[in-house]
Number of protein chains: 2
Amino acid sequence: MVTIKDIAKVAGVSPSTVSRVVSNHPRISKETSQKVKRIMEEMGYHPNVMAKSLVSKTTQTLAIVLPRPAEELFQDFFFGELLRGILTQSARAGYDMLLTAATSPHDESETVSRLVFGRRVDGIILLSSRVNDPLIDMLDKHKFPTVLIGRTDEHPNILSVDNNNEQAAYDATAHLIVQGHERIGFVSGPPALTVARDRMQGYQRALREAGLPIRSEWVVEGEFLQQSGYRAMSFLMGLPERPSGLVVIDDVVGFGVLRGLTELGYKVPDDLSLVSFNNIALSELAQPPISSIDIGTYQLGYTASQILIRLIQEENVHQTRMIIPHRLIVRESSIHTVAKRS
Amino acid sequence: MVTIKDIAKVAGVSPSTVSRVVSNHPRISKETSQKVKRIMEEMGYHPNVMAKSLVSKTTQTLAIVLPRPAEELFQDFFFGELLRGILTQSARAGYDMLLTAATSPHDESETVSRLVFGRRVDGIILLSSRVNDPLIDMLDKHKFPTVLIGRTDEHPNILSVDNNNEQAAYDATAHLIVQGHERIGFVSGPPALTVARDRMQGYQRALREAGLPIRSEWVVEGEFLQQSGYRAMSFLMGLPERPSGLVVIDDVVGFGVLRGLTELGYKVPDDLSLVSFNNIALSELAQPPISSIDIGTYQLGYTASQILIRLIQEENVHQTRMIIPHRLIVRESSIHTVAKRS
DNA sequence: ATGAACTGTGCAAACGTTTTAACAAACCCA
DNA sequence: TGGGTTTGTTAAAACGTTTGCACAGTTCAT
């Protein structure tokens, strides 16, 4: 490996000069700079990242901490898009991305400690947003640059990027109400996740404002899994009084719902109208296409990376909570009026 | 930050002794070791990763290099599962994972050079497997620990993990043949990708061995996008003589195919039977569920990470090509006989 | 009893950078 | 002409580890 010293020797200058050439120091003469650059090119010099990090105390690296296995599938679909947003922005800003998936809670804090205190990364993007997360506690206490994709009430100083999930769920529900539905159910996710709580609130507010009944048997809590949607259907459709419209916490769950309904012999949207969340690419291709709240997944990731880097580079970042706008994409699963070809 | 010297001072030993305690050097006495460990615990010592890497010349980090944007969506679905396999194994082996997505070809070689020559990572997992890839050339020439998920003929020394895609396509096609189909088409991907070539070969071999016609108008090349499947249908179903069975290169494309057929008023599998590849979670939930070749996505990732780490740690690794078994998952899209509830 | 082998520890060099302080040379303004 | 400023460069310390070598003390076989 060719080092800064090798270059210096060949160029007949000191190592410090070479270092300054690399970092475009203003007080280097044109000639020296050109000569050194030429020699670096010729000899194929690449700075040793570790040595640089050691002295500069910055690694130009961020870490993404994935949620624990319980929420595993949750990732699988809109996760790719989120990642793409994060990677695009961080690459643009010259940061590398470290990806860590902890298997156990103990493991998780162990891993993050290693990254944080071992000075391996400059900042952390958290994807999990459980209520009362000890990991967030830890990062907050040490004032380590952190951004949360999601929401936390307990830590006002932690930067976060989120949707207005309450409003999004309100909008989804209101859309069904406008379509004439009066009996509207909700297939939710794990109540420990803030996103599930927020959406539940919005769902209830929409019903309340419209003067419609809030019936607890029409609310089913599950996971971010297809099976949850599938199972919810055998329950909901077995009720003496059934909902005619359904808000579903996630597109993948929506697919399960669709499958369940089909097997039970019901038609969407005729027997039950459907709106779900996240707008993954495949919702458009469901049979029928599923109406979904687009949460700006790519932008969520892009923005998270952006404000994290800003937090690292500038001292004072004032805005701590960023809201990415959502929008409802209406498809056949929630409108009766579309002519169906078949 | 508390360093090894701080610990040494408090424990009344030399820094070297502390270092040896950390690395469990055999010639450290029980008492010293225990005392030092206790103090480390108390003072919250975490080794500085950069300093360690600098002297040990190993970073305990691997990089995943994602394919360029053209293949972007290709990732999105089975990518999550692949990633999970890689992350699980590398975490288990004590390696961190760096994720990089290059935007341009120039960018790509630039980024990888930086990682490789800057000694930032110990090994690289390549996800793209284009024919004649300059990146693979470069890594091969420098003998940098690399494993390719996919296949390359030009570089016999590069480790690779792959499916037997030729056989998989053969199996998919043979399955349709067994179902009685004699006119079988193939919706393929970009011909620059080895995976598309391999599957094409297998498809053709199956037809040849069964004495069935290979008709070039029944083969459509596209991308790994839903739209490709959708478009392929308007073409194929507009032919004077149409296929009655179809092999599709990817589940997502299969979703597009399904959508296209539905819009055109055809029924699956009655009018056209379908088998595709990758077996993403949602293929089970398509309407009808799509028969798919499970390529062992998780294991593909897990194995890639495993042999890369072996290559890094041991000098001589003999086996250079690893084949992950596939299996056909038969669902309704390819069998007439299932009673349909509706 | 004596040298050999082993055990436990410390010193100091090394890894490849960045950066502070110092300094010589050139330039500028009166 | 001389002091001050600017420009271009360097020497050397520092970042936090690891590790080869040295060495003192202990154990062991003869």
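Worth saying up front: this structure is predicted, and the values here are computed from it rather than measured. Each chain gets a letter, A, B and so on, in the order the sequences are listed, and its residues count up from 1.
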- Inter- and intrachain pairs under side-chain hydrogen bond (donor to acceptor under 3.5 Å, both in side chains), touching residues 134-143 of chain A, at least two apart: A:D137-A:H155, A:D140-A:H155
- Task: Find the bend of the helix from C:dA1-D:dT30 to C:dA30-D:dT1 as the angle between its two terminal axes (five pairs each), to the nearest 10°.
- Result: 30°
- Message: Please determine whether a side-chain nitrogen or oxygen atom of B:T32 lies at a distance below 4.0 Å from atom OP1 or OP2 of C:dG8.
- Response: no
- Task: Any chance you could list the contact pattern along nucleotides 14-27 of chain D? Use B for base contacts, S for sugar-phosphate-only contacts and - for none, protein heavy atoms under 4.0 Å, 5' to 3'.
- Result: -BBBBBB-------
- Task: Whole angstrom is fine here: how far is it from NZ in B:K9 over to P in C:dG10?
- Result: 14 Å
- Message: Among residues at least two apart in sequence or on other chains, which ones pass salt bridge (charged side-chain N to carboxylate O under 4.0 Å, His left out) with A:R114?
- Response: B:D96
- Query: Taking only residues two or more places apart in sequence or in another chain, which ones pass salt bridge (charged side-chain N to carboxylate O under 4.0 Å, His left out) with B:E42?
  - Reply: B:R38
- Task: Determine which pairs satisfy ring-ring contact (aromatic ring centres under 6.0 Å, His included) with at least one residue from residues 35-62 of chain B, sequence neighbours left out, and list them in order.
- Result: A:F117-B:H46
- Task: Using whole Å, report how far NE2 of A:H25 lies from P of D:dT10.
- Result: 13 Å
- Item | Summary of ring-ring contact (aromatic ring centres under 6.0 Å, His included) pairs that have at least one residue in residues 80-103 of chain B, sequence neighbours excluded | none
- Message: Going by salt bridge (charged side-chain N to carboxylate O under 4.0 Å, His left out), name the residues that satisfy it together with A:R310, two or more places apart in sequence or in a different chain.
- Response: none
- Enumerate the residue pairs fulfilling side-chain hydrogen bond (donor to acceptor under 3.5 Å, both in side chains) with a member in residues 11-23 of chain B, sequence neighbours excluded, ordered by first and then second residue. B:S14-B:S16, B:S14-B:T17
- Mark yes or no for whether A:S33, through its side chain, and A:S29, through its backbone, hold a donor-acceptor pair below 3.5 Å. no
